[in-house]
Amino acid sequence: MPVESPYPLVSIDHALNTILAHSPLLDEETVPLEEALGRVLCQDVVAAMPVPPFPASAKDGYAIIADDPSPVRKLVGEQTAGRVGDLRVVPGTAVQIMTGAAIPEGADAVVMIEYTSRRDDEVIIEQKVPVGNEIRPVGQDIEQGQKVLDRGTTLGPAEIGLLAAVGLDRAPVYRQPRVALFSTGDELCEPGQPLAPGQIYDSNRFSLAAAVTQSGGIPHTIGVVDDTPQALEQALAEALEVGDVVLTSGGVSMGKLDLLKPLLEAHGRVHFGRVVMKPGKPVTFATVGETPVFALPGFPVSALVSFELFVRPALRHMQGDPAWRRPRLHVKLAHALHHDAHRTEYQRAAIEVREGEFYARTTGYQGSGRLLSMVGAHALLELPPGDDYLPAGATVTAILLQPIGTL
Ligand code: AMP
Ligand code: MG
């Protein structure tokens, strides 16, 4: 009799829905704009003031009365940006004005410096301009009371600039999830140290910490933990102390020292322990108290693919990002491929654009230990079970992991 796992194989959708149901929205906080990049707004932002807040010149030139018939105007002063003098334009006069400066009283148009000539303290207007010419009216860019950003927006450079433009020095955002993580395995050695026989370097801790950061979380690294119940127990307790989320790798399959599942059963509830996917089948999700715990498989690609499919959505969801799902794209295969007939397989691929069409080329041998198969991958190809062969030119779904560069 083959040894069977006691955990039923659940579908990817079931797994994801279970995770989202146990990934609560985090609290709100405000952060200085300098620290707001990538954070998610927890409120709509309404402009308390118009932009520009005063009628402003759009060009360097002269502020005039548009319908003033006199071709030559006497200069009565100059107005630079940020300085408002006691100036008044009346028929027969003009004020020299710079871009961004307030329009002086009496003036109703600006004529660009290129359409004028200067004679001592007089300016000759060489082109007639309409009322309002080159004047940016109050609220041209943003009206007072206008909603400028929606709750759930991820802040990038333009959004952060907009907050500053309406006078805010802090952004109201959701807190970032703190993710406590450790690697399990007696065979794991710290990079930088010499390897003893039978050892390999711990790569998951570093790849997963980077993936946490990229997902907007704050990694809290606990380290390498030996495959003993005591060491794992202690590491889990520490992780639960500091983490909004706990993330582990290794120790979830059918080996003698795969101790994570029983440990999580003892302390909380294991929601699933196997998913119909490749790689990543033994991925395990539990809650201990309210804390979501992801126990990812140890193979480096399995760990990252299951992070991508399950942990990243949870971390984005907890930060209030409605776009927690990656974009999906239909692509054509640049070559034939074989895939798993029984589980949804995620093969790593580079995407090329040829004559406006997207083509996917897998990144070589797709072994779940071969991290190089994720290097240069723009996407995961989602290959549903069934026929295990797809010819070149077949259309498949690609989950985009990063922008498609020119190749
Ligand atoms: P496990 O899931 O613990 O059975 O591990 C599966 C495979 O992944 C084994 O070959 C492990 O040596 C390897 N592995 C486990 N953890 C790590 C890690 N943190 N970094 C690199 N390889 C790992
Ligand atoms: Mg192990």
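Both ligands and their constituent atoms are indexed starting at 1 by order of listing.
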Please state which protein non-hydrogen atom is closest to [atom] and give its distance, to 0.1 Å?
| atom | answer |
| --- | --- |
| atom 20 (N) of ligand 1 | Ser203 N, 3.0 Å |
| atom 18 (C) of ligand 1 | Asn204 ND2, 3.2 Å |
| atom 6 (C) of ligand 1 | Phe299 N, 3.7 Å |

Below 4.0 angstrom from a heavy atom of [X], which ligand 1 atoms are there? Numbered from 1 as shown, please.
| X | answer |
| --- | --- |
| Ser253 | 4 (O) |
| Asp202 | 18 (C), 19 (N), 20 (N) |
| Tyr201 | 20 (N), 21 (C) |
| Ser183 | 19 (N) |
| Ile200 | 12 (O), 21 (C), 22 (N), 23 (C) |

Note: Leu188, heavy atoms under 4.0 Å from ligand 1, region reported as side chain

Looking only at non-hydrogen atoms, the one of Glu187, Gln199, Met254 nearest atom 9 (C) of ligand 1 is Glu187

Self-check item: Option nearest atom 1 (P) of ligand 1 (shortest heavy-atom distance, choices Gly185, Ala303, Gly251)
Solution: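 Checking each option, the heavy atom nearest atom 1 (P) of ligand 1 is found in Gly251.
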
Side chains of Tyr174 and Leu25 in contact at under 4.5 Å (non-hydrogen atoms)
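A side-chain contact exists here, since the closest heavy-atom pair is under 4.5 Å.
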
Any non-hydrogen side-chain atom of His335 less than 4.5 Å from a side-chain atom of Thr362?
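Touching, per the 4.5 Å side-chain cut-off.
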
**Lys/Arg N to Asp/Glu carboxylate O, Asp227 vs Lys256, below 4.0 Å** =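 Here Asp227 does not pair with Lys256 in a salt bridge, since their nearest N and O are not under 4.0 Å apart.
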
TODO: Inspect the contact between Arg205 and Glu190 and indicate whether a charged nitrogen and a carboxylate oxygen are less than 4.0 angstrom apart.
DONE: yes

Going by atom types only, do [X] and [Y] share a side-chain donor-acceptor pair under 3.5 Å?
| X | Y | result |
| --- | --- | --- |
| His267 | Glu233 | yes |
| Gln144 | Gln146 | no |
| Ser253 | Asp258 | yes |

### Phe272 CZ: over 12 foreign heavy atoms closer than 6.0 Å
yes

Is [X] close to ligand 1, meaning an N/O of one under 3.5 Å from an N/O of the other?
| X | answer |
| --- | --- |
| Arg205 | no |
| Gly298 | yes |
| Pro300 | no |

Practice prompt. Find out whether the Lys NZ or Arg CZ of Arg354 is both under 6.0 angstrom from the six-membered ring centre of Tyr359 and within 45° of the ring's axis.
Written response: yes

